[in-house]
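The shown structure was predicted, so the numbers you read here are calculated from the model rather than taken from an experiment. Just so you know, residue 1 is the first one in the sequence shown, and it goes up from there.
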Amino acid sequence: MDARDIGAEPGSAKAPRGVNRLLAATGRGAVRCRRAVLSLAAVVTLLCALAGYDVAARLVSGGFVPESAPSAQALRAMEDFGGGAPGFVLLARAEGGVDAPGARRAGERLVSRLLADSRVSGVDSYWTGAVRGGRPAPPVVDATPASPAVTDAANATDASALTRALRTPDGHTAVALVRLRGGAGEVRAAVDRLLPEVTGDQGPLKVGVTGQAAALRDLESQSERDLRTAELIAAPAVLLLLLWAFGSLWAALLPLAVGAVAVTGALAVLRALTELTDVSVFALNLTTAVGLAMAVDYSLFLVARYREERAGGAPHDDALHRMMITGGRTVVVSAAVVGAALTGLLLFPLYFLRSLAWAGLAVVALAAAASLLLVPAALACLGERRAGTDWFARRRLRGAPEDGRWYRLATAAMRRPLVVTVGVVLILAALALPFPRAVFGLSDERVLPATAPVATTARALRTELPSAAASSLDVVLPHWGADGSPGRLAELDDYARRLSALPGAAGVRTVTGLYASGRPLLSCPARPGDPVMSRATCADLADRHRAAAGTWVAVSGPVAAYGPASTRLAHAVRAVSAPAGPRLAGPAAELADIKAALVQRLPYAAVLVTLCTLALLALFTRSLFLPVKALLMNLLSLTATAGGMVWIFQEGHLRFLTGDFTVTGTTDLLTPMVAICLAFGLSMDYEVLLLSRIGEAHARTRDTVRATAAGLQAAAPLFTASAGVVIAVLLALAAADITVIKLIGVTVALSLLIDALLIRPLLVPAVMALAGPVNWWLPKGIRRRSAAPAARPLASVKPTVEPTAEAAAEPTARVGGRR
């Protein structure tokens, strides 16, 4: 048969319709212009690589807080005060003491170098005090009532006593708190520029760094090293698994080619997006992982279908045609379902999640398109002999499909479907039990290796200077208190007293003084009996805490910025009646706003994903029950996976298998969403493959039990081979030093194991058997004949007799029968 005849249905006078017609035309064009298609793909890949070569440098950390959130608005207002949480903290040590003349001069030079950068909004240091806008001012810092700094401050009328909160009692270590202004990209650029200049040996000072901006910088660089290491570890295993799955070296190179086209194309898309909006650095990791997974899946689906058709006696060109109609339809539906799941992320007002959605949508669409063009073109170029070569065909299946181990397993599960269903659900429920114990927070420097300089400096800061390490909640009273009238000051004094009495509040600082435990430590102006602050310090406090944006009230809290105690304090501060509508900035406030944004948009995203997935699967399966069953299966699997994630990473189990990491007692709020999103996409991909094979078998036999067993026998080798490749990559990530990288790798690998060992081979057949005819129920009013052509027999076994003319013209066959 000539390549031009591929568009016709073998054994039928009818031409394919709808999607099938488009797939047939695509296959016909790819085969006819195979060399041009492959050459064009190489050129496009090269151009995309050139267009996206610098995308990594343009991606930014952050995007976790909605731009419209109260904490984001308060953070922008804090720039008027030169305050807020420090971008990074410098911890300086001097053997002769930080008060020695040489150490003091070095400290002052250090501060001057920092203030010369336009992105530094202010510095609080032991040597210079609080400096904002080039004007030095006495340093005023948060301090706990039990600290020596507060004791000294309460007994002094000179603000210089407060500087002792930025120096250890032995006088050998001092701190500088550096505050930055600008967006995530600008802050990252400032950190890259400043840290090499202000850390290390600075005269007699040895300076280390910690803080959020410094931790994010180290997190990015360390994650890049970890991913390169994981690639080197996984590469040999992946190549061997691809060789086993595809059966020949030429075929094993197909998914790598498809993946290269998809990933480089997606990187070019991300590069274009960086011109329009901020794009999270995590989008790069998702692009690579999803691109490889989808490339392996789609290439494997198509190549396996081609070989089945060839083994069933179809000529080379007929096999390519049926590969595009059947396998191509599965690829299209799978890409649509995975894309629908990712579309839900676009509803969240966090560019971190939106970046993941755009990256995932681009790479899935490109992987599907590349596989539908490159695979038929490449198989046509390889020719009939090399394209059909499978070195391991005899080891994959001996005898008829009924003799296959997956067929027998499904049949066994369907003999006692209720027992199997209850048993598997109980196992999944047991795995999910830790999930209700999840305590959500955000990652800090503890996701880095314990030996990382940023992590060691943070531990030293918490141990030696807990007052400087304390988290902060910055309360902005917008457009209030600028006149400084006595009535306003009295309201502010009363408000600060109530805030300082809250559980978890270590201290409060504002225009009217310093407070702790519901009483003033230093007052300005003082009520009768209150400790008095000097007039100069009062003026400095007023200058720092009053601006055009309003009035600033600084509340120091627990050391763990994202811990439960800090979160409770943020909620308590918001519950206290204020002189004006307060806006909170700071880590705990950001966490509360992120949770609120997720909770607000989650129902809409869930409804969108559910409706789109159900609609696509209903059109694909011509059933109402099967789509619902597919979603429930995935929900059970993901819930069990989430429970395992909490048990391993929040509670610290199995570190001997996953590699050591710091147990914080919390689960990162956003990183698991990356893992769950990836796991959901892969699970739905395998579900579509399985349903397509079961549906084809049911169209031949009209027997649910036999169709389910035959479908599993046909699909299981494909999705287990694909899962093996992806798991090899994911488990290599467990060797990473970054906890969030470990979490993604281990969580998705666990999901795939649950899916391959429990969901697909046991639970799906059992539920199919219990449902019986309900599986295929569709209201009569909307029932239409499926446009999908029936598949040929499960032709892993070559025919033992030549087909008759009638059999050659008949595209259907008995399950397990031979041509």
Subject >> From CA spacing to verdict: side-chain contact (heavy atoms from CB on, under 4.5 Å), Val123, Leu115 >> reply: CA-CA 7 Å; Val123 179; Leu115 292 173; 3.8 Å; yes

Original post:
Which distance, rounded to the nearest 0.5 Å, do you find between the CE of Met78 and the CH2 of Trp552?
Top reply: 4.0 Å

Original post:
Do the non-hydrogen side-chain atoms of Leu598 and Leu669 ever get within less than 4.5 Å of each other?
Top reply: yes

Original post:
Arg446 and Asp444: salt bridge (charged side-chain N to carboxylate O under 4.0 Å, His left out), yes or no, with the steps?
Top reply: CA-CA 5 Å; Arg446 288 175 292 178; Asp444 54 23; 2.9 Å; yes

Original post:
Is Val207 close to Val198 at the side-chain level, that is, under 4.5 Å between some pair of heavy atoms?
Top reply: no

**OP:** Please lay out, stage by stage, how Glu186 and Arg181 fare under the test salt bridge (charged side-chain N to carboxylate O under 4.0 Å, His left out).
**Re:** CA-CA 8 Å; Glu186 297 165 324; Arg181 62 165 65 93; over 6 Å; no

Subject >> side-chain hydrogen bond (donor to acceptor under 3.5 Å, both in side chains) assessment of Thr664 paired with Thr666 >> reply: CA-CA 5 Å; Thr664 63; Thr666 60; 3.1 Å; yes

**OP:** Sequence neighbours left out, what passes ring-ring contact (aromatic ring centres under 6.0 Å, His included) with Trp647? Give chain and number order.
**Re:** His653

Subject >> Audit row: Ser443, Val740, side-chain contact (heavy atoms from CB on, under 4.5 Å) steps and yes/no >> reply: CA-CA 8 Å; Ser443 298; Val740 292; 3.8 Å; yes

Original post:
Between the main-chain N or O of Phe352 and the side-chain N or O of Ser280, is there a donor-acceptor pair closer than 3.5 Å?
Top reply: no

Original post:
Sub-3.5 Å donor-acceptor pair from the side chain of Gln73 to the main-chain atoms of Ser68, do we have one?
Top reply: yes

Original post:
For atom CD of Glu590, is the number of surrounding heavy atoms from other residues, nucleotides or ligands below 6.0 Å larger than 12?
Top reply: yes

**OP:** First locate atom NE2 of His545, then atom OG1 of Thr512, and finally report the distance between them rounded to the nearest 0.5 Å.
**Re:** 9.5 Å

Subject >> Nearest atoms (heavy-atom pairs only) where Pro579 meets Glu491 >> reply: CB-OE1, 3.9 Å

Original post:
With distance as the sole test, does Thr671 use its side chain to make a donor-acceptor pair with the main-chain N or O of Asp668 at under 3.5 Å?
Top reply: no

Original post:
Quick one: do Arg583 and Asp474 make a salt bridge, cutoff under 4.0 Å?
Top reply: no

Subject >> Ser121 side chain near Leu180 side chain, heavy-atom distance below 4.5 Å >> reply: no

Original post:
Could you give the distance from CG (Leu442) to NZ (Lys595), rounded to the nearest 0.5 Å?
Top reply: 8.5 Å

**OP:** Would you please test Thr173 and Arg93 for side-chain hydrogen bond (donor to acceptor under 3.5 Å, both in side chains) and show each step?
**Re:** CA-CA 4 Å; Thr173 305; Arg93 303 181 187 276; 3.2 Å; yes

Original post:
Arg167 and Tyr126: side-chain donor and acceptor closer than 3.5 Å?
Top reply: yes

Subject >> Heavy-atom donor-acceptor pair, Thr456 side chain to Pro453 backbone, under 3.5 Å >> reply: yes

Subject >> Check: Ser500 side chain, Tyr515 main-chain N or O, donor-acceptor pair, under 3.5 Å >> reply: no

Original post:
Distance from Leu216 atom CG to Glu445 atom CD, nearest 0.5 Å?
Top reply: 10.5 Å

**OP:** Answer yes or no: is there a side-chain heavy-atom contact under 4.5 Å between Val89 and Val209?
**Re:** no

**OP:** Please confirm whether the backbone N or O of Asp124 pairs with a side-chain atom of Thr128, one donor and one acceptor, at under 3.5 Å?
**Re:** no

Subject >> Ser577-Arg498 side chain donor-acceptor pair, cut-off 3.5 Å >> reply: yes

Original post:
Are the side chain of Ser566 and the backbone N or O of Tyr562 linked by a donor-acceptor pair below 3.5 Å?
Top reply: no

**OP:** Please report the shortest heavy-atom distance between Leu743 and Phe649, naming the atom on each side.
**Re:** CA-CZ, 3.4 Å

Subject >> Side-chain donor-acceptor pair present, Thr168, Glu464, cut-off under 3.5 Å >> reply: no

Original post:
Hey, what do you get for CZ (Arg509) to CG (Leu521), rounding to the nearest 0.5 Å?
Top reply: 12.5 Å

Subject >> Donor-acceptor contact below 3.5 Å, side chain Lys742 vs main chain Thr658 >> reply: yes

Original post:
Can you check whether Asp218's main-chain N or O pairs, donor with acceptor, with Ser221's side chain at less than 3.5 Å?
Top reply: yes

Original post:
Is it the case that more than 12 heavy atoms not belonging to Phe440 sit under 6.0 Å from its CZ atom?
Top reply: yes

**OP:** Check the pair Thr510 / Tyr495 against side-chain contact (heavy atoms from CB on, under 4.5 Å), numbers first and verdict last.
**Re:** CA-CA 10 Å; Thr510 188; Tyr495 180 57; over 6 Å; no

Original post:
Which atom names give the shortest non-hydrogen contact between Phe64 and Pro66, and what distance separates them?
Top reply: O-CD, 3.9 Å

Original post:
Does a donor on one side chain sit under 3.5 Å from an acceptor on the other, for Gln222 and Arg217?
Top reply: no

Subject >> Pairs where residues 442-515 contributes a residue and the test disulfide (SG to SG under 2.5 Å) is met, not counting sequence neighbours >> reply: none

**OP:** Under the salt bridge (charged side-chain N to carboxylate O under 4.0 Å, His left out) rule, what do Asp494 and Arg488 come out as? Steps first, then yes or no, please.
**Re:** CA-CA 10 Å; Asp494 179 66; Arg488 297 286 177 136; over 6 Å; no

Original post:
Can you list every salt bridge (charged side-chain N to carboxylate O under 4.0 Å, His left out) pair that touches residues 549-573, not counting sequence neighbours?
Top reply: none

Original post:
Where do Glu108 and Trp127 come nearest, in terms of heavy atoms and distance?
Top reply: CG-CB, 4.2 Å

**OP:** Output the distance between atom CG (Leu90) and atom OG1 (Thr457), rounded to the nearest 0.5 Å.
**Re:** 9.5 Å

Subject >> Side chain proximity check, Val511 to Leu489, heavy atoms < 4.5 angstrom >> reply: yes

Subject >> Minimal non-hydrogen separation, Leu461 against Thr210, with atom names >> reply: CD2-CG2, 4.1 Å

**OP:** Might you work through the salt bridge (charged side-chain N to carboxylate O under 4.0 Å, His left out) test for Glu67 and Arg76, ending with a clear yes or no?
**Re:** CA-CA 10 Å; Glu67 292 292 328; Arg76 290 191 289 270; 3.6 Å; yes

**OP:** Walk me through it: do Val65 and Leu350 pass the test side-chain contact (heavy atoms from CB on, under 4.5 Å)?
**Re:** CA-CA 6 Å; Val65 183; Leu350 284 69; over 6 Å; no

Subject >> Residue pair Leu584 / Ala570: nearest heavy atoms and the distance that separates them >> reply: CD2-O, 3.8 Å

